[in-house]
Structure formats: structure tokens, C-alpha cells
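Accompanying notes for the structure given below.
Just so it is clear: chains get the letters A, B, ... in the order the sequence lines come, proteins before strands, and each one is counted from 1.
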Number of protein chains: 2
Amino acid sequence: MVSEANIFDLNQLRRSCSSCALGELCLPAGIDRTDLDRLDTTVRDKRTLDRGGTLYRDGDPFEALYVVRSGSLKTFVQDESGDVQILGFHLPGEIVGFDALALNRHVSQAEALERSSICELPYGRMQQVVSEVPALQRQLMRVISREVIEEHRHLVMMGRQQAQEQLAIFLKSLADRYQRLQRDGIALSLPMSRYDIANYLGLAVETVSRLFSRLEEMGVLEVNRKSVRILRSDLLASLCHSGTTSTKRHGAG
Amino acid sequence: MVSEANIFDLNQLRRSCSSCALGELCLPAGIDRTDLDRLDTTVRDKRTLDRGGTLYRDGDPFEALYVVRSGSLKTFVQDESGDVQILGFHLPGEIVGFDALALNRHVSQAEALERSSICELPYGRMQQVVSEVPALQRQLMRVISREVIEEHRHLVMMGRQQAQEQLAIFLKSLADRYQRLQRDGIALSLPMSRYDIANYLGLAVETVSRLFSRLEEMGVLEVNRKSVRILRSDLLASLCHSGTTSTKRHGAG
DNA sequence: GGCCCGAGTTGATTTCAGTCAATCGGCAGG
DNA sequence: CCTGCCGATTGACTGAAATCAACTCGGGCC
């Protein structure tokens, strides 16, 4: 079913943003027709990435921003001793590569979690068009802002002391994101491994695995390897705020 | 000593970016003289905030970006049940408020950790100048990108499983940031409470307190309430990578 | 100066998640 | 089809950090 959907997406590939299925979920949101044509002149098709394929890596010179068209990516940093921290999972319509704006080279790595197609926005060209189309400038800022807010969500998730809350929040927010994509918000496919989820949340793999089992026992989920069905959305939501408040509720320092 | 420095900073307050002591550490970095004058027309002085004073809160309409001129801020989100997650501590030259670009209202709160002065950049005016000065546009993007990278650092910190590593990284990165400000990178003053530090790192206050004591016993630090002196910078650095690698080293999902 | 309150520290105990280890099971390649 | 390998699960045990509790200290306020 998943791969069928992907093939379908691939068949839908068009050159232009105006005819892209993502439409308002992507950069074009709020841009009118004529400006959209201008935007189209900056978009260049990028090769399709296989599972595990790298879009850019740490140290690469900054050439472009990238939009996930279909499939999904993970971004992560890796320190000198090889330790990885996953920064985010990126679904269709989301833009990656903002980390490179500061120093003109990437300081993180982006890798496909499954076969994915990517639109490339070469930044030189992009900058010019952005300076000519104020609406696009605003939209680009909005998109970066969304990225910042998404990272806030990630921080809130990691800050929880109950691992179960963390996973619940993770699943809830993933469901929400799938729903925005007009996909199902109940039957989720998790393109990332348990290791990825564990790393993303700052937990051990075993803990994640046990939590999936526990949530299944509780009747919240039906877990089948990479596909998860949310049976009790209400319960899941309540698990996002279960723990007792402690160091969290605190006023001015 | 701290308050003396603050009074000194306040005395240095000037209207224009061109004469501001922060100079290249702030938005003007890389902007030439004439463009700087244009930038000056957008900057409006903001009231000085007392310790605990709020710059903006969740839900406030987006009016401006804010630059810390002196002092320091914390930004945080607070969910419906009152749980707080601190997102960042902000030192002079840093810009806050990007979270509001997406939805035209703030989705976090900013509060002064000590008496602080703030420059206000009304966004309407700002946008116009940015569209006329490409260099400023690029610089603004660079600054947001720095914000994104800083959040990556925060995530990496939180992802560590050893609390001691987390605190070591926190202190190290704070020392680095103070050093960029041409202040001392050895004698740190921590304007935030232990509760703030604990929350920022996702730990309990008691753990943070114990870790400070431990680091002092180890001869790494000399701790005196809000002032910390780094005695063994080398040891501190080594503590940032101590733990054994486990779930962290992992390839494609 | 003295009082009061909240931040901070320290100690005792508990608990939850990490670690180590064994096993399962699905997929890929032969 | 069989086999090998890696991701995933499960179990037993351990340990680090959370929790609960007592107490100190320092700063602000009268």
C-alpha cells in the first residue's frame, strides 16, 4: 500500500509548482499565479534518492534548499566520535537545508528514509527571485519559522521525563502531520527504524520497543512492524500530558 | 561587578546600530555604512526590562523582532497544564521572536533573566528595508540559520544520556558564547536559576545541583552561586564526550 | 538589624530507563 | 527453498537520576 502510494506520487511528478500535488502545503502557499511562474524558474528537479541515500552531508558547500516531494528524509548531526543525533524527520512539502545559510556550508546531514524524490531550489537563483517577489520572501520566512517551531516541539518532547509521554507526543505529532498531508491520520507508516525513533527521542531502542508493546497492550495502538494503527486517539492524546508536574512549572529565574 | 557592567552598558546606549558596541556580533554584521543607516531607520528603542519582565508572551500578535542589547533573556513554551520547557537563553546580539513569523503571533514567551535592554525591529518597516537592501536580507537569513543551529546544539545536549555530559556541554557552550562577546570565557555569571538550567536540560533541579558540586569536587569548576569559574577547561571539554556510545552510532533506518 | 521566604544544597530512597543478553522473524541474496 | 543477517522484541538485572524530605543560605523587605 505504501509503495503503491509512492509509485503514484512518482507518476504525478510535474515540472512546475503550479501543477504539483503538494500545492499549498509547500512553498507556493499564498503565492499568486504569476509569481508562481517565477518561482517555477528556480526549481530544478533533483535525482530520486534511494533508501539510505544522502542528500547533503556535513561540510558540503551550500548550493540549494531542498523540498521533499515524496517519501521522507531524516536530518542529523554526527560528532567527531561518531555519535549521532537525529534532528528531524521530514515529510512531503517540508524544506530542508536551512542550516547552511549561516556559514555557507551544511552543518548537518540529510538522508532518505525510503525512496524519495526531491525538488532542488538553487539558492543563488532563489535569492534573486525572492528579492523580486516580496510575497515569496515572506513565505520563505514563514517556512523557516515553521522549522523553528517544529524544533521547539522536538525540544518539548525530549524534555519530558516519562519516556511514554515522549513516544505518545511523537506519534501524535506524526499523525497530525500525516493528516495535514491529506493522508490518513490513523494508519501511520513509520519509515524510520526503531533506532531512529530512539535516537530522535533520546531513548534506548529497547525502551522504544517496550513502549510500543505497552501501548499495544493498553489498546492504544495496533503495531505491525513499520505500520501503526491508532485505535484510541483520545487515549493517546491523554498520554501526552500524563506525568506529574515538577521542575517544569516554574516562574522567573 | 555584574550590576556595574550593566550600568556601564546602559550608559553606552546609543540610538544607532553604527555606534553600537555590539557591532558585528549583531544584525549589522557584513552590512556596509550606507545600508547600515537604512537599518537604523527601522530600529526602535524598547523599554528596559527588569528581571522577570516579559517581552512577549504566547498568543501576542507579531509586531517585531527583538535584539538583546544588554542583559539576557530566556524563551520558553508553556502548555495548557502549565508545564514549561525553556527553549533558549539569549545573550547580547542575539535576536528573538522568529517563532511568530509563521502564524503572525508568538507561540512562545520571552522573559528577562536580569535587567536587560532590548532593541525593537518593527517587522513591517523591517520587511521594506530588507527588500531594498539585499545584503540585509542575506544577513537576516544567516541570523535565523544561526538560531536553527543553536537549537540543534540544544537537541544534541538533551539527547545525551549522561546528565554530567549535558551540563558540561551546557557550560562549555555558554563559555564559548561569552567569549565571542569579548567577555571572559573563564569566569561565567549564570543569570538563570538552577531551575532554569534543569528545565533547559530536561533534568531535575537536585541533579543539576549535585552535578555542580561534583564538578567542583573534581576540580573542574569553582562554583559560587551564580558565578562559576572554569578551572580546568581541558577537563570540562573532555567531559563533553565521556559516555560510551550506544544507540547513538547508527546508520540508515 | 532582624525576619522571612524562596533558591539551593544535601541525604535517603525509589523507580524507571539503560545495559547486557538471548531470541525471534522478515528480508535479501544465493 | 534455505541461509544469514539485521532489525526488533523480550527478559533479567543494574544503575543513574527522579522523588521525597530536611535543612541551609542569602537576599529582600520591614
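- Under the 6.0 Å distance and 45° angle rule, Lys74(A) counts as a cation-pi partner of Phe76(A).
- Note: CD (Glu206(A)) to P (dC20(C)) measures 10 Å, nearest angstrom.
- Comparing Thr207(B) and Thr207(A) by the nucleotide of DNA chain C that holds the closest heavy atom to each, the one mapping nearer the 5' end is Thr207(B).
- Of all heavy-atom pairs spanning Leu91(A) and Ser72(A), the tightest one is CD2-CB, 4.1 Å.
- In this structure, Ser209(B) does not reach the dT10(C) phosphate: none of its side-chain N or O atoms is under 4.0 Å from OP1 or OP2.
- Straight-line distance from the CG atom of Asp50(A) to the P atom of dA28(C): 13 Å, rounded to whole Å.
- For the pair Lys226(A) NZ and dC6(D) P, the computed distance is 15 Å after rounding to whole Å.
- Residue Leu190(B) forms a side-chain contact (heavy atoms from CB on, under 4.5 Å) with just one option from Leu113(B), Leu174(B), Val223(B), and that option is Leu174(B).
- Relative orientation of the Tyr56(B) and His106(B) rings is parallel, given thresholds of 30° and 60° on the angle between their planes.
- Between Arg51(A) atom CZ and dC6(D) atom P the separation is 13 Å, expressed in whole Å.
- Taking atom CZ of Arg194(A) as the reference point, atom C1' of dT9(D) lies 9 Å away to the nearest angstrom.
- With distances taken from any side-chain atom of Tyr195(B) to the nucleotides dT10(C), dA17(C), dA7(C), the minimum falls on dA7(C).
- For the pair Arg225(B) and Arg214(A), both in contact range of DNA chain C, the more 5′-proximal nearest nucleotide belongs to Arg225(B).
- In this entry the distance linking CD of Gln162(B) with P of dA18(D) reads 12 Å, nearest Å.
- Atom CE in Met192(B) sits roughly 16 Å away from atom P in dA7(C) (whole-Å rounding).
- Salt-bridge check for Arg214(A) with Glu217(A): failed, with every basic side-chain N at 4.0 Å or more from each acidic carboxylate O.
- Checking the phosphate oxygens (OP1, OP2) of dA17(C), no side-chain nitrogen or oxygen of Gln161(A) falls inside 4.0 Å.
- Judged by distance alone with a 3.5 Å cut-off, a donor-acceptor contact links the side chain of Arg210(A) to the base of dG11(D).
- Between the CG atom of Asn224(A) and the C1' atom of dG26(C) there is a distance of 11 Å, rounded to whole Å.
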